[in-house]
Amino acid sequence: MTDMKILVQKFGGTSVANLECMRRVQEKVLEGLAQGYKVITVLSARAGDTNKLLSLAEEWSPTPDRAACDVLVSTGEQVSISLFTMLLRDAGVRARSLLGWQIPITTDEDFGRARIRAIDSKALRAQLENYDVLVVAGFQGCTEDGRITTLGRGGSDTSAVALAAALGSVECHIFTDVDGVYTTDPNICSTARKMDRVAYEEMLEMSSMGAKVLHIRSVEFAKKYKVPVRVRSTFSDDPGTLVTQEDSSMEAVLVSGIAYDRDQARVTLRDLPDVPGMAAAVFGPLSEKGILVDMIVQNTSLDGHTDITFTISRKDLQQTLRIMDEVAKKTGASEVLHDVSVAKVSAIGVGMRNHSGVAARAFAALTQEGINILMISTSEIKITLLIQEKYLELAVRILHDTFGLDWDIG
Ligand code: ASP
Ligand code: MG
């Protein structure tokens with residue numbers, strides 16, 4: 001069958017949590033079939049199951065062997081695909097379940113956060129000659145020599161996008177419990193709006209900022225292989241948000257979304273000698289310990305001395321301070337200061353590429369409300385401001401308003 005139309009649909013943990021939810025999933029799959037598609041249904045583990053399995057591993061071992069742990073945590077998806085296949089079979093659908101190794105989805109050997117290397121799409125197409133629905137376990141694969149791997153938390157989005165890329169699926173539908181991607185967090189800003197479309201690059205910036213709708217690797221994958229991804233709800237008929245390639249209509253919009261991240265801590269080294277090698281002396285030891293530094297600012301030099309300020313994740317603060325005490329001793333910096341009551345807010349939009357003045361508008365809007373900007377960083381499609389955490393929600397609302405995101409421009 002050469003003209004086989006294939007649709008990949010992925011359902012997250014809350015969509016397969018119980019029998020009632022799975023019946024909704026079944027409806028979505030039947031809709032796909034009714035539209036003439038062969039359906040690849042990728043499932044996550046039922047909500048909470050992966051966490052339970054991980055705590056079980058921790059009961060047995062303080063540092064569970066990663067390969068052994070993957071054999072355990074991958075069983076969450078085995079449960080959901082088996083249960084769901086039973087429902088489809090009872091409904092008379094020609095369906096079967098498939099674990100990662102049965103396809104196979106081949107990965108590298110980085111247990112616990114493996115990367116997909118190849119998918120045997122020929123084998124899958126051959127299966128589709130005999131079945132109308134293949135119910136595939138997300139989040140898992142196997143190494144060349146057949147050992148089970150998992151792709152990192154939230155990894156079944158990546159399984160789905162990779163399958164869609166391998167099979168040339170028209171779109172990859174990621175079903176979840178929200179009806180799409182919003183211009184900002186609706187819990188903070190009541191005028192947040194569901195977007196119809198968002199560019200891959202914008203989505204990447206939004207998920208790295210903690211807008212956790214899609215696994216970040218799945219977006220990278222989708223961008224690389226140009227797979228259109230539709231984020232939609234299992235519990236409504238809303239068409240959701242299409243994550244796709246940027247085009248001129250997206251570029252006409254200056255800012256598409258406001259993201260934020262509370263997980264920030266700020267560290268300052270005072271009075272470092274302003275000589276070559278200082279930045280390396282500060283950031284070298286941090287990167288050796290795998291600590292990710294986010295924003296960095298170096299002041300202008302005064303009397304041959306300067307200050308360096310940077311931000312990190314709060315969980316890394318204690319370790320960073322210990323390292324900075326050492327760095328201060330070696331370099332002669334006068335003191336190490338820190339502040340955990342900070343947060344960052346970002347305006348994101350591919351339209352910024354062609355327009356100047358976005359940063360100035362953001363600064364002016366915050367200044368008007370008396371919000372002090374502590375640090376600034378910019379990229380081609382993003383402006384990030386570090387502010388006091390107590391002003392975060394206000395700042396999100398002000399920026400959302402300033403850039404007209406509450407207008408329904410469709
Ligand atoms: N079940 C896995 C997790 O909870 C994978 C996923 O849901 O995407 O991380
Ligand atoms: Mg998820």
Heavy atoms, side chains only, cut-off 4.5 Å: are [X] and [Y] in contact?
X: I348; Y: E202; answer: yes
X: Q140; Y: I105; answer: no
X: R147; Y: F111; answer: yes
X: D179; Y: R232; answer: no
X: V227; Y: F221; answer: no
X: R89; Y: T85; answer: yes
X: F403; Y: R361; answer: yes
X: T311; Y: I296; answer: no

Nearest 0.5 angstrom please: [X] [atom1] to [Y] [atom2], how far?
X: R322; Y: Q319; atom1: CZ; atom2: CD; result: 6.0 Å
X: I373; Y: Q388; atom1: CD1; atom2: CD; result: 12.5 Å
X: I376; Y: L385; atom1: CD1; atom2: CG; result: 6.0 Å
X: L386; Y: K344; atom1: CG; atom2: NZ; result: 8.5 Å
X: L399; Y: C189; atom1: CG; atom2: SG; result: 10.0 Å
X: I188; Y: L394; atom1: CD1; atom2: CG; result: 11.0 Å

Any salt bridge linking [X] with [Y]? Criterion: basic side-chain nitrogen under 4.0 Å from a carboxylate oxygen.
X: E246; Y: R353; result: yes
X: E326; Y: K329; result: yes
X: K194; Y: D238; result: yes
X: R314; Y: E389; result: yes
X: E393; Y: R262; result: yes
X: R115; Y: D108; result: no
X: D49; Y: R46; result: yes
X: D247; Y: R197; result: yes

What is the minimum heavy-atom distance between [X] and [Y], and which atoms define it?
X: L53; Y: L72; value: O-CD2, 3.4 Å
X: L405; Y: I258; value: CD1-CG1, 3.8 Å
X: E77; Y: L43; value: CG-O, 3.4 Å
X: A45; Y: T50; value: CB-OG1, 3.4 Å
X: P285; Y: A280; value: CD-O, 3.8 Å
X: K38; Y: M4; value: CG-CG, 3.6 Å

Within the distance-only criterion (no hydrogens, no angle test), does the side chain of [X] pair as donor or acceptor with the backbone N or O of [Y] below 3.5 angstrom?
X: T176; Y: S233; answer: no
X: S287; Y: G284; answer: yes
X: T309; Y: V297; answer: no
X: Q102; Y: L99; answer: yes
X: T241; Y: M195; answer: yes
X: Q9; Y: T41; answer: no
X: R96; Y: V133; answer: no

- Message: Determine whether S97 and S82 satisfy the following criterion, side chain to side chain donor-acceptor pair (under 3.5 Å), listing intermediate values before the conclusion.
- Response: CA-CA 6 Å; S97 65; S82 126; over 6 Å; no

List, one per line, each side-chain donor-acceptor pair under 3.5 Å for residues 152-171, sequence neighbours excluded.
{"from": "R153", "atom 1": "NH1", "to": "N51", "atom 2": "OD1", "distance (Å)": "3.0"}
{"from": "R153", "atom 1": "NH2", "to": "N51", "atom 2": "OD1", "distance (Å)": "3.1"}
{"from": "S156", "atom 1": "OG", "to": "S44", "atom 2": "OG", "distance (Å)": "2.7"}
{"from": "D157", "atom 1": "OD1", "to": "K10", "atom 2": "NZ", "distance (Å)": "2.7"}
{"from": "D157", "atom 1": "OD2", "to": "H215", "atom 2": "N", "distance (Å)": "2.9"}
{"from": "T158", "atom 1": "OG1", "to": "H215", "atom 2": "ND1", "distance (Å)": "2.7"}
{"from": "T158", "atom 1": "OG1", "to": "S218", "atom 2": "N", "distance (Å)": "3.1"}
{"from": "S159", "atom 1": "OG", "to": "F139", "atom 2": "N", "distance (Å)": "2.7"}
{"from": "S159", "atom 1": "OG", "to": "G155", "atom 2": "O", "distance (Å)": "3.4"}
{"from": "S169", "atom 1": "OG", "to": "I6", "atom 2": "O", "distance (Å)": "3.3"}
{"from": "S169", "atom 1": "OG", "to": "V8", "atom 2": "N", "distance (Å)": "3.2"}
{"from": "S169", "atom 1": "OG", "to": "E171", "atom 2": "O", "distance (Å)": "2.7"}
{"from": "E171", "atom 1": "OE1", "to": "H173", "atom 2": "NE2", "distance (Å)": "2.9"}
{"from": "E171", "atom 1": "OE1", "to": "R230", "atom 2": "NE", "distance (Å)": "3.0"}

For residues 27-34, which side-chain N or O atoms pair as donor and acceptor with protein atoms under 3.5 Å away, sequence neighbours left out?
{"from": "K28", "atom 1": "NZ", "to": "S236", "atom 2": "O", "distance (Å)": "2.8"}
{"from": "K28", "atom 1": "NZ", "to": "D237", "atom 2": "OD1", "distance (Å)": "3.3"}

- Task: Determine whether more than 12 heavy atoms belonging to other residues, nucleotides or ligands lie under 6.0 Å from atom NZ of K330.
- Result: no

- Can you list the residues that meet the side chain to side chain contact (heavy atoms under 4.5 Å, CB included) rule with A252, with sequence neighbours excluded? none

- Partner of R66 under side-chain hydrogen bond (donor to acceptor under 3.5 Å, both in side chains), picked from T150, T149, D110, is D110

- F11 and C21: CA distance, side-chain angles, deciding distance, side chain to side chain contact (heavy atoms under 4.5 Å, CB included) verdict: CA-CA 10 Å; F11 297 87; C21 293; over 6 Å; no

- Please assess T268 against H338 for the test side chain to side chain donor-acceptor pair (under 3.5 Å), listing each intermediate value before the final yes or no. CA-CA 6 Å; T268 300; H338 70 273; over 6 Å; no

- Message: For a ring-ring contact (aromatic ring centres under 6.0 Å, His included) check, start with the C-alpha distance between F310 and F283, then their side-chain angles and the critical distance, and finish with the verdict.
- Response: CA-CA 10 Å; F310 57 90; F283 298 113; 5.3 Å; yes

- Give the C-alpha distance, both sets of side-chain angles, the deciding distance and a yes or no for side chain to side chain donor-acceptor pair (under 3.5 Å) between T14 and D177. CA-CA 7 Å; T14 50; D177 50 11; 3.2 Å; yes

